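Quick one: the structure is below, questions incoming.
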Amino acid sequence: MRKTLIAGNWKMNNNVKDSLELVSSLINAQLPDEVDVLICPPFTALYPINEILTYSEIKLGAQNMHFEVSGAYTGEVSPLMLKDVGVSYVIIGHSERRQYFNESDELVNEKIKSALIHDIKPILCVGESLIQRESNIEKETVKNQLINALRGIKSEDAKEIVIAYEPIWAIGTGKTATSEQANEMAAFIRNTVEEIYDINVSENLLVLYGGSVKGDNAAEIMSQSDIDGALVGGASLKAVDFLKIIMYNNHVQ
Ligand code: 13P
């Protein structure tokens, strides 16, 4: 049984004060048992947020990490440092990192391997650009990203990985993929993972959708057979908006 995961990627937003206010509102809300909630704040807010999450079920994630544990890598943050402040998930290979920081599939692969070694669950982001979709190579693009990112990773480790399908053209644009488009790609990702590993890995794999998920489209997206959750950017920055997505099923008001 795959448990729904709703993750908030705050990107480069929120100072410590804003972060603590936002997390306090989430802690005070009654969250549905059937949904795992994850927040991925900027590095600077991880420590204080972890302190107030002590009695909460909300999970803490980072938006990136270096694959080495320590050393002369100015400006980087290691998996051990993340563990030290309570991080249990890390977003790897987000399209913004691939685009603005030249992260290659090979680097993404190194980071995933390192996260797994250190017991941090990687959320591997894949997705095509608008040009790639218009050229009908979106599946080929995503398949290549998956094959390269998962190279050399054994099936018992692959079980810890979450995959987020984020079509680049839907990120921050207000343009969501239709739920059919999103589900078709989620199913394709699951099939590809089955080809690389086996049905045990693919059936238990969490596939999230990301790209302009909001309170008013969450229920439709989440109702799709192969979508197990959402990776939310803009709408995770306000408690009321994020809670609407978390409570997409209207179980709790
Ligand atoms: P938006 O929800 O703002 O479109 O961002 C999606 C995203 O990139 C999450 O990682």
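In each ligand, atom 1 is the first atom listed, and ligand 1 is the first ligand listed. From a predicted model like this one, the values you see are computed outputs, not experimental measurements.
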(message) Is there a polar contact between ligand 1 and Asn9, counting only N or O atoms under 3.5 Å apart?
(response)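 Yes, Asn9 has an N/O under 3.5 Å of an N/O on ligand 1.
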
(request) Using only heavy-atom distances, determine whether the side chains of Ser129 and Gln132 contain a donor-acceptor pair under 3.5 Å. (result)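 There is such a pair between these side chains.
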
(request) For Ser212 and ligand 1, answer yes if some heavy atom of the residue is under 4.0 Å from a ligand atom, otherwise no. (result)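 Judged by the 4.0 Å heavy-atom criterion, Ser212 does count as contacting ligand 1.
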
(message) For ligand 1, which is the ligand I care about here, please tell me if Gly234 has any N or O atom under 3.5 Å from one of the ligand's N or O atoms.
(response)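 So ligand 1 has an N or O lying under 3.5 Å from an N or O of Gly234.
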
(message) Please determine whether the number of non-hydrogen atoms from other residues, nucleotides or ligands lying under 6.0 Å from atom NZ of Lys3 exceeds 12.
(response)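 Atom NZ in Lys3 is packed in, count exceeds 12.
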
(request) With heavy atoms of Gly211 as the reference, note each atom of ligand 1 found under 4.0 Å away. (result)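 Listed by number with element, the hits are 4 (O), 6 (C).
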
(message) So for Ala170, does at least one of its heavy atoms come nearer than 4.0 angstrom to any atom of ligand 1?
(response)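 The answer is yes, since Ala170 has a heavy atom less than 4.0 Å from ligand 1.
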
(request) Any atoms of ligand 1 less than 4.0 Å from a non-hydrogen atom of Gly233? List them with their elements. (result)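 The list of qualifying atoms is 1 (P), 2 (O), 3 (O), 5 (O), 6 (C), 9 (C).
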
(request) Would you check the N or O atoms of Ala235, main chain and side chain alike, for any that come under 3.5 Å of an N or O of ligand 1? (result)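 In fact, backbone or side chain, Ala235 has no N or O that close.
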
(message) Taking the cut-offs as 6.0 angstrom to the six-membered ring centre and 45 degrees off its axis, would you call Lys111 and Phe67 a cation-pi pair?
(response)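 The answer is no, since Lys111 fails at least one limit relative to Phe67.
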
(request) Report yes or no: does a heavy atom of Lys11 sit under 4.0 Å from some atom of ligand 1? (result)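 Yes, Lys11 has heavy atoms under 4.0 Å from ligand 1.
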
(message) Can you give me the closest heavy-atom contact between Pro122 and Ile92, atom names plus distance?
(response)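 Residues Pro122 and Ile92, closest heavy atoms: CB-CG1, 4.2 Å.
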
Sequence neighbours excluded and cut-off under 3.5 Å, please list the side-chain donor-acceptor pairs for residues 42-55, or say none.
{"from": "Asn50", "atom 1": "ND2", "to": "Val85", "atom 2": "O", "distance (Å)": "3.3"}
{"from": "Thr54", "atom 1": "OG1", "to": "Glu51", "atom 2": "O", "distance (Å)": "2.8"}

(request) For ligand 1, find out whether one of its N or O atoms is nearer than 3.5 Å to an N or O atom of Leu231. (result)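 In this structure, Leu231 places no N or O atom under 3.5 Å from an N or O of ligand 1.
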
(message) Under 4.5 Å side-chain heavy-atom separation, chaining through any Ile, Leu, Val, Met, Phe, Trp or Tyr, what else clusters with Ile199? Say none if it is isolated.
(response)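 Members other than Ile199 - counting any ILVMFWY side chain reachable under 4.5 Å - there are none.
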
